[in-house]
Amino acid sequence: MCSVKIECVLPENCRCGESPVWEEATNSLLFVDIPSKKVCRWDSLSKQVHRVTVDAPVSSVALRQLGGYVATVGTKFCALDWEDQSAIVLATIDQDKKNNRFNDGKVDPAGRYFAGTMAEETAPGVLERHQGSLYCLFPDHHVEKYFDQVDISNGLDWSLDHKIFYYIDSLSYSVDAFDYDLHTGKISNRRSVYKLEKDEQIPDGMCIDAEGKLWVACYNGGRVIRLDPETGKRLQTVKLPVDKTTSCCFGGKDYSEMYVTCARDGIGPEDLLRQPKAGGIFKITGLGVKGIPPYPFVG
């Protein structure tokens with residue numbers, strides 16, 4: 001058995017860190033701080049952090065094949081030009097819902113950018129329910145809405161054979177699966193593959209490893225869990241020294257390191273004494289499994 005090691009590689013104090021994405025070309029980790037409206041890039045070699053501030057809460061970031069990045073900013077899909085620190089709007093959604101914003105997003109194996117919405121929280125985890133939807137930005141920049149009545153649209157990824165789409169609506173406390181048609185981007189046949197246990201708390205961001213198993217960050221649960229989506233069994237629990245773990249991804253030169261984001265908002269002064277690194281970026285090594293590279297948006 002490998003010996004798992006957890007370290008805080010960046011004490012960033014994110015109010016709500018999210019959407020970690022490894023950029024192999026620069027040996028960097030991308031992530032966002034949603035309420036601070038920042039997209040960040042941490043260079044794992046120089047240990048430097050570069051930040052771009054946008055004009056609304058930024059909830060996810062992804063690589064773009066043309067260069068630069070794409071991000072979900074407020075209720076907009078945007079292209080992010082890192083050099084001149086500008087965001088160009090590609091599409092806008094939920095225009096009838098002034099209190100909504102995007103949450104988690106990820107690019108599928110064909111280069112489409114999936115992201116879902118939620119109502120803006122009045123406090124962490126407190127919000128008007130059933131206001132969100134799941135959307136997809138296609139490479140030609142048209143948007144399709146997949147379903148609505150979502151509470152907190154969250155973690156998403158695809159099976160290694162690209163035939164299953166995994167998805168989390170946090171307040172359902174479930175990791176769901178859909179049949180996936182990679183050619184069209186269509187989804188069907190929704191079912192639950194794992195229901196979280198009470199001490200695991202709220203399922204948040206998610207990624208898949210090279211063995212086809214899912215890793216889910218548990219908000220308020222202070223852990224990431226490894227699941228077998230075929231058997232519905234939990235295979236492993238890795239506890240972190242912070243409560244509000246939000247998302248995870250694999251990175252490093254061979255994708256054998258896991259990076260975990262977390263939040264600082266909603267933690268009282270006494271609890272902060274117990275977890276001073278809340279809001280930092282954590283690296284987990286020794287898991288004995290690797291991840292796969294992220295897909296770039298092709299539009």
Side-chain angles (χ1 to χ4, degrees), residues 18-22 60 62-63 72 102-118 132-139 143-197 200 202-218 224-237 246-251 255 258 287 289-298:
E18 265 285 5
S19 185
V21 179
W22 186 256
S60 74
L63 308 178
T72 47
F102 267 118
N103 202 39
D104 207 355
K106 192 170 282 185
V107 176
D108 86 341
R112 308 175 187 97
Y113 191 7
F114 278 70
T117 56
M118 59 183 278
S133 302
L134 180 69
Y135 292 95
C136 177
L137 176 70
F138 283 70
V143 173
E144 289 186 18
K145 179 174 168 177
Y146 281 67
F147 50 81
D148 52 19
Q149 297 293 308
V150 174
D151 287 322
I152 301 177
S153 190
N154 234 320
L156 52 180
D157 218 325
W158 289 264
S159 61
L160 301 182
D161 65 5
H162 310 155
K163 291 180 178 176
I164 300 172
F165 167 56
Y166 298 109
Y167 175 74
I168 291 169
D169 178 356
S170 287
L171 298 188
S172 71
Y173 298 92
S174 174
V175 180
D176 290 354
F178 295 81
D179 294 341
Y180 194 64
D181 184 328
L182 187 66
H183 180 65
T184 61
K186 293 281 183 273
I187 61 173
S188 58
N189 186 27
R190 186 174 188 167
R191 65 266 187 200
S192 175
V193 294
Y194 184 80
K195 281 280 189 188
L196 272 81
E197 295 174 9
E200 292 168 344
I202 303 169
D204 201 325
M206 169 170 61
C207 68
I208 199 162
D209 66 29
E211 295 174 5
K213 307 300 189 280
L214 299 173
W215 292 82
V216 179
C218 300
V224 290
I225 54 176
R226 188 185 192 218
L227 311 175
D228 185 333
E230 292 186 9
T231 64
K233 296 275 191 292
R234 183 183 68 241
L235 304 174
Q236 190 174 354
T237 299
T246 56
S247 193
C248 52
C249 79
F250 284 92
Y255 292 91
M258 175 174 279
L287 290 171
V289 67
K290 295 179 180 181
I292 61 170
Y295 302 106
F297 177 63
V298 300

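Here the structure is a predicted model, which means the values were calculated and not measured.
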message = Applying ring pair (Phe, Tyr, Trp, His ring centres under 6.0 Å) to Phe165 and Tyr146, what does each step give before you reach the verdict?
response = CA-CA 12 Å; Phe165 167 56; Tyr146 281 67; 7.6 Å; no
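Within 6.0 Å of atom CD in Glu230, 12 or fewer heavy atoms from other residues, nucleotides or ligands are found, so the atom counts as exposed in its surroundings. Heavy atoms of other residues, nucleotides or ligands lying less than 6.0 angstrom from NZ of Lys195 number more than 12.
A donor-acceptor pair under 3.5 Å links the side-chain atoms of Thr72 to the main chain of Ser60, judged by distance alone. At least one donor-acceptor pair under 3.5 Å links the side chain of Lys106 to the backbone N or O of Leu156. Looking only at distances, no side-chain donor or acceptor of Thr237 sits under 3.5 Å from a matching main-chain atom of Ile225. Not one N or O on the side chain of Asn189 forms a donor-acceptor pair closer than 3.5 Å with the backbone of Phe178. Ser192 contributes no side-chain N or O that, together with a main-chain N or O of Asp176, makes up a donor-acceptor pair within less than 3.5 Å.
Residues Val216 and Tyr194 form no side-chain contact, since every pair of their non-hydrogen atoms from C-beta on lies 4.5 Å or further apart. Contact check for Arg226 versus Leu287: no side-chain heavy atoms found under the 4.5 Å cut-off. Contact check for Asp169 versus Phe147: no side-chain heavy atoms found under the 4.5 Å cut-off. Side-chain contact between Ile292 and Ile208: present, with at least one pair of heavy atoms (C-beta onward) separated by less than 4.5 Å. In this structure, the side chains of Val175 and Pro229 stay at 4.5 Å or more apart for every pair of heavy atoms. Proximity of Tyr180 to Ile164: side-chain heavy atoms (C-beta onward) are nowhere separated by under 4.5 Å. Put simply, the side chain of Phe102 does not reach to within 4.5 Å of the side chain of Ser153, judged on heavy atoms. By the 4.5 Å heavy-atom criterion applied to side chains, Leu196 and Arg234 are not counted as neighbours.
Between Tyr113 and Phe297, the ring-plane angle classifies as tilted under the 30° and 60° cut-offs.
Between Asp209 and Lys213 there is no salt bridge, since no side-chain nitrogen of the basic residue lies less than 4.0 Å from a carboxylate oxygen of the acidic one. Using a 4.0 Å cut-off between charged side-chain N and carboxylate O, Glu144 and Arg112 make no salt bridge.
In this view, Tyr173 satisfies the ring pair (Phe, Tyr, Trp, His ring centres under 6.0 Å) rule with no residue, not counting sequence neighbours.
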